[in-house]
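Here is the structure we will look at.
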Amino acid sequence: MDRLELHPDRALPAEPGVRAIARRLYRRTADLPLVCMHGHVDAAVLAADAPFGDPAQLLVVPDHYVTRMLMSQGIPAARIGIPSADPDAPVETDPRAIWRLFCENWHLYRGTPSRYWLEHELVEVFGVDEKPAATSADRLYDRIATALAQREYRPLALLDRFGIELLATTDPATSDLAAHEKLAAAGYRGRIIPTFRPDAVVRPDRPGWRADVELLGRLADVDTSGYVGYLEALRRRRRAFVDAGALATDHGHDTADTQPLSDDEAESIYRAGRDGRATPAQGRAFAAHLLFESARMSCADGLVMQLHPGVLRDHSDAIAAAHGPDRGFDIPVAAEFTRALRPLLQAFGHDPGLRLILFTVDETVYSRELAPLAGAYPSVRLGAPWWFLDSPDGMRRFRDAATETAGFANTSGFVDDTRAFASIPARHDLARRIDAGYLARVVAEHRLDEEEAAETAVDLAYHLPRTAYRRR
Amino acid sequence: MDRLELHPDRALPAEPGVRAIARRLYRRTADLPLVCMHGHVDAAVLAADAPFGDPAQLLVVPDHYVTRMLMSQGIPAARIGIPSADPDAPVETDPRAIWRLFCENWHLYRGTPSRYWLEHELVEVFGVDEKPAATSADRLYDRIATALAQREYRPLALLDRFGIELLATTDPATSDLAAHEKLAAAGYRGRIIPTFRPDAVVRPDRPGWRADVELLGRLADVDTSGYVGYLEALRRRRRAFVDAGALATDHGHDTADTQPLSDDEAESIYRAGRDGRATPAQGRAFAAHLLFESARMSCADGLVMQLHPGVLRDHSDAIAAAHGPDRGFDIPVAAEFTRALRPLLQAFGHDPGLRLILFTVDETVYSRELAPLAGAYPSVRLGAPWWFLDSPDGMRRFRDAATETAGFANTSGFVDDTRAFASIPARHDLARRIDAGYLARVVAEHRLDEEEAAETAVDLAYHLPRTAYRRR
Amino acid sequence: MDRLELHPDRALPAEPGVRAIARRLYRRTADLPLVCMHGHVDAAVLAADAPFGDPAQLLVVPDHYVTRMLMSQGIPAARIGIPSADPDAPVETDPRAIWRLFCENWHLYRGTPSRYWLEHELVEVFGVDEKPAATSADRLYDRIATALAQREYRPLALLDRFGIELLATTDPATSDLAAHEKLAAAGYRGRIIPTFRPDAVVRPDRPGWRADVELLGRLADVDTSGYVGYLEALRRRRRAFVDAGALATDHGHDTADTQPLSDDEAESIYRAGRDGRATPAQGRAFAAHLLFESARMSCADGLVMQLHPGVLRDHSDAIAAAHGPDRGFDIPVAAEFTRALRPLLQAFGHDPGLRLILFTVDETVYSRELAPLAGAYPSVRLGAPWWFLDSPDGMRRFRDAATETAGFANTSGFVDDTRAFASIPARHDLARRIDAGYLARVVAEHRLDEEEAAETAVDLAYHLPRTAYRRR
């Protein structure tokens, strides 16, 4: 048997002196609760609290980090069990076959954070003690499947076991929040909270936009046939989210553009969208305007604004058509924040009501734009490394590039930003190790005392996420 | 008492073998004179040679690195003692209160170079032996204030104590150089020298431009109502600066654009500026043209050209209106040099009269554009990490990214680029430590002999700044 | 005598624990054959198999990394022996003088990969045991010259001695492949192979384009007066290259743009080019279209596509006019791949016939664009660090930035991309050391087992280049 064990010093710097300091710093954070202020766990899954499916459905098929690697090596989506839009297209449905395929290809994940997180999950969550491989696939499958059937492995039980103090989901503006209501009734009010994401209703050029704004209007009990009603509907839904415990909004736009339109221009584009004739240029202009307006609304209702721009979604039409979104074919583009955010920050950057957290998948902006902005505007915080940058060296480069300009207090602390619920402890634990390592190096270079570093480590892991997102 | 001490190995690499080499290399540079070829110390302050003000006025209020951090955490500018344009706006005037506020917030500077430099200053310049904190603020204030009152703490006494061999100030083209004349008369000719910075007279779209070019004309005794006279005025003032000891010019433009205009185009824009109707586009075009013309002038008069582009100044109109410029709200943008500099380098890049030193706050251009340019054109040198990049890891990343393409000889050596006079030794010392660490790593990787590394360290600290700026 | 020796641990990480692992990993790759899937060794030189010229002609004059450094420090091209287009211009012709100049300036190469490679060549290839300097120049010259005269130092003998299993040259589409035929007849079929590079025939705005497409037509025995014939000529020459053993094409475009034209548009620009009136904009559009068409052709004939975009060639017209291309004045510009490649990848990204290898001199795109693309599309591989980035820290930063998103299996393995034949072993050896060091760090951080790392090291050095380029 090829034993799988987690080394206690994993992801800590190799140099023994620095490692010793990092160990001590990590120990100060290792057992802290998890504060998950931004993520994509499905609230309905938590509300239903049904056992998770099989190992393939939990760990492989829905995880685009995992499936992307297999597809990049020529393995067809069908073999990985990824459903197809074509009802006649064959797709692997046997979870053991999918799991075996994954285990046979375990070597592909060398050097990636997926490998790191999965090892942590397998050992710490599922008690696996053997490396994934063709020869061990079935044994691993059985162990995980057996565990998943147990009461202790239901979502809400894991929420406690993982030490999750607070978990924020991400929910469309048109969500009816039924899942959160159910969870609130079950005692999770304030512990599982929604996040207001209006992306689907800010691009009038989108095919589904009109239906979505009509739904928005129905939920808000406001006529959204016009722009003014639409804004009121947004305000009312935001209030509903606040009542349901929301602390933040989220905006995943193509760019960070915040150029406001005049009311006339906004209304004009809105009408064009209602008539199904809005152009992409109008759509982008309207989205930028809505970022500006969202900041205004945040000043009023206190919801923290998160901005996640700069990803070209569905780079491959073929993949999107066959398998839908979020299949690993979202590719970043170069980001610009300094000019793009200026209209918003000119208007609201010093408003005590605004808190704006900035994320990027273009790491060139850390030292050039985001750290200088976060290190100046009282409303701005620099968000944790996002997506492709949420990895051991990605996180290390983040601290290296951003800290000297922004300090620590202007950053958001760690967010896991994941849909993969069972990976949450692994992600937070890795971030704590990487931050311990960075701080240890600064201590070893005599630029910080160890006690200051320990305080900072606890801030990064626990206090900063709470204060950045205004957790009262 | 929480003791403040400077560890002798601070900012040196943590790994013991590399650290041992770094220590030895650092020792070869630690006591070298300081050559300060670019900075913003006020020549009038040196000429007056009056005692520095109180600790708050010396170390807090004018330092935008320091005040920016406090403001980013929501502390109003007024509490920090930053003057307001509004005469009725209350502003803290008690220096002890300002100093106490700073000390109470000392923790915010963890991980930043401000913390590093201030610790060095406090200990080495002011003999402080206690960490800044609420409880020590008054003791620190008293110690520093007592020191500042002594003769040995006057600017010119500190110039000697700091071992500053040469200090360049940065002066507008419209400076009358009175301060430098006074200093020359006092024996500082060639030791405190001006730098010619024509920024205020190169943007005809600027509100104050016309008045500034008229002043330029008066100082040069040339009629600057037309473009030809304006160029002659620039040449004459440059000569005056040369006579006063200047070795360089400085240009802080939005971009590195050097596209020349025809004489007709230039004259046309100049006239538009005189008439107060020049557009921003015309202003930018004229500034680019003036960079080109400045290179031509440098080929004739030998002044070294420095270029500091890529910062969007006064990102927040509100802050600029209330508190003026240089309050921490200057934010970098992505920079482009390869195409932008091509007109200038095509025309003058091989002229033995030209020396062009390039600085950036966008570190992506180090390996991509600046090192290739400096590693090819004999006139080009790669300047020291600027502003946000002038920090321990920022400087390390610079050497890491630039050296393998440009080598060492094509770089400028360290410049402190600071207004904060008392921080100059700290900044040079930090750079010497970081360079020692970088070189030590290359030695430890057996890619350089230690003796070569020591020679190089001395070059970087002392010889290169002198040769890059053509110090005879 | 100042002894020159190669330290056995050179370029391995300094930290002793990591170094010990790196040594072991390196040992697993050190003696592997060299697979040189992309480079610029002149096939005619190999076919002639004549002794290399003198040391200056071998190691100095044709090496733009070497000559660039000297020129950047003000040494005129003429003194370095670089020929001039002006027949009356004096140029140094004495190889000893050129060699002495180089040795006197050896110190300029501190910290550069040129220094590293040259040390390796001098010691391992030529048995030199003394450092280059003014005092040793003649002794070194004699030793190298003596060696070069020996049979064992002829190109094909060195091919064997270097352990080169396969060497790909880069050849214009208009090459008659005579050199490769001669080599095939001499037994080197499949061991020295051409690479199809159509750059000269894809820019109808180029002065020499028309003559080149006529030559293409003659070689292909197709009338290329029209666009359809031109495409057929490309297909036929590609087939001739395949018959001669080619595995790949190479495309060195200004940008990665792959926007296809309609047939009408393409024909129209082609005609304009034939008439000598194509504009640069048309030239660029046609080149982008040809990248798209090249991918289509690759799906049919299986040639692997390499893309090397983003370098502004001949930045200095003066240098290009006087000394021709490739004199060190090619300067990178910011690159964009995500949008630029989308048309090609939409059409062919999932075609099993396509393999696309992407190179960059803009390292910001590693984590942002190239690793995400290579980590998604089955046809895409991330190429080895190119040109300015092919250096110890450049390669290290590459693995640091790319691995966590793309993994290892989606990268191409090392390619030397050099014209300097005698430097090939040094370059591969350096890459093996750097990869060993990177892997050792990941092992030391307990994120990979040492045996997995060793397998990966062998993949990176040997297997991946073969599979990436579809070496059967």
Side-chain angles (χ1 to χ4, degrees), chain A residues 13-18 21 334-339 341-342 345-347 349-350 352 363-381 397 399-410 438-449 452-453 455-456 459, chain B residues 2 6-16 18-19 64-65 68-69 71-76 105 107-116 119 131 310-312 315-319 327-335 361-364 387-394 396-397 433 437:
Chain A
E15 200 282 312
V18 180
I21 300 169
E336 201 285 329
F337 287 84
T338 301
R339 292 191 179 97
L341 289 177
R342 198 175 187 200
L345 291 173
Q346 291 268 44
H350 284 91
E363 57 186 305
T364 70
V365 302
Y366 288 150
S367 70
R368 183 177 69 227
E369 304 181 29
L370 298 191
L373 286 167
Y377 284 96
S379 56
V380 178
R381 293 281 163 100
R397 293 194 305 273
R399 291 292 178 208
D400 193 296
T403 306
E404 291 177 333
T405 292
F408 294 105
N410 287 311
Y438 173 80
L439 289 163
R441 177 171 71 80
V442 182
V443 170
E445 291 176 12
H446 312 290
R447 297 194 273 132
L448 204 62
D449 297 342
E452 293 178 301
E455 269 182 46
T456 303
D459 283 345
Chain B
D2 217 349
L6 303 181
H7 195 285
D9 290 334
R10 63 193 181 282
L12 299 183
E15 201 282 312
V18 180
R19 175 166 288 190
H64 57 82
Y65 290 81
R68 173 166 62 97
M69 179 61 83
M71 291 166 73
S72 77
Q73 285 288 303
I75 296 169
N105 286 283
H107 60 279
L108 293 178
Y109 299 92
R110 290 172 184 170
T112 70
S114 290
R115 152 89 174 237
Y116 184 93
E119 288 188 333
K131 290 180 187 170
V311 179
L312 195 160
H315 193 270
S316 165
D317 290 344
I319 294 288
R327 292 298 177 190
F329 281 78
D330 300 319
I331 311 291
V333 291
V361 277
D362 175 0
E363 57 186 305
T364 69
W387 200 333
F388 300 97
L389 302 175
D390 180 20
S391 58
D393 291 326
R396 181 182 48 72
R397 292 194 304 274
R433 288 168 180 274

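Here is the naming used below: chain letters follow the sequence lines, and residue numbers restart at 1 for every chain.
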Which atoms of [X] come close to chain A, meaning under 4.5 Å heavy atom to heavy atom: side chain ones, backbone ones, both, or neither?
X	value
B:S391	both
B:R327	neither
B:F388	both
B:R19	side chain
B:V333	both

If you count heavy-atom pairs within less than 4.5 Å of chain A, which of [options] leads?
options	result
B:G74, B:S316, B:G328	B:S316
B:H7, B:H107, B:H315, B:R68	B:H315
B:E363, B:M69, B:R115, B:M71	B:R115
B:A318, B:A335, B:A11	B:A11
B:L12, B:L312, B:L389	B:L312
B:R10, B:E119, B:R110, B:R397	B:R110

Quick check for you: to the nearest 0.5 Å, what is the distance between [X] atom [atom1] and [Y] atom [atom2]?
X	Y	atom1	atom2	result
A:T403	A:R447	OG1	CZ	9.0 Å
B:I331	A:L373	CD1	CG	4.5 Å
A:Y377	B:I319	OH	CD1	7.5 Å
A:T364	B:D362	OG1	CG	7.0 Å
A:L370	A:T405	CG	OG1	11.0 Å

- line: Looking only at A:A371, A:S367, A:A453, most heavy-atom pairs under 4.5 Å shared with chain B are made by A:S367
Chain B interface, residue from A:E455, A:R381, A:H446, A:E15 that has the most non-hydrogen pairs under 4.5 Å: A:H446
field: NZ/NE/NH1/NH2 to OD/OE distance under 4.0 Å, A:R342 and B:D317
entry: yes
- prompt: Any ion pair linking A:D400 and A:R441 (charged N to carboxylate O, less than 4.0 Å)?
  reply: yes
Could you look at [X] and say if it's the side chain, the backbone, both or neither that has a heavy atom under 4.5 Å from chain B?
X	value
A:A440	neither
A:Q346	side chain
A:A374	backbone
A:Y438	side chain
A:E452	both
A:R399	neither

- prompt: Looking at the rings of B:Y109 and B:Y116, which for Trp means the six-membered one, are their centres under 6.0 Å apart?
  reply: no
task: May I ask you to decide if A:T338's main-chain N or O and A:E369's side chain share a donor-acceptor pair within less than 3.5 Å?
output: yes
Check whether any side-chain heavy atom of [X] lies under 4.5 Å from a side-chain heavy atom of [Y], and answer yes or no.
X	Y	result
A:L345	B:F329	no
B:N105	B:Q73	no
B:T112	B:Y65	no

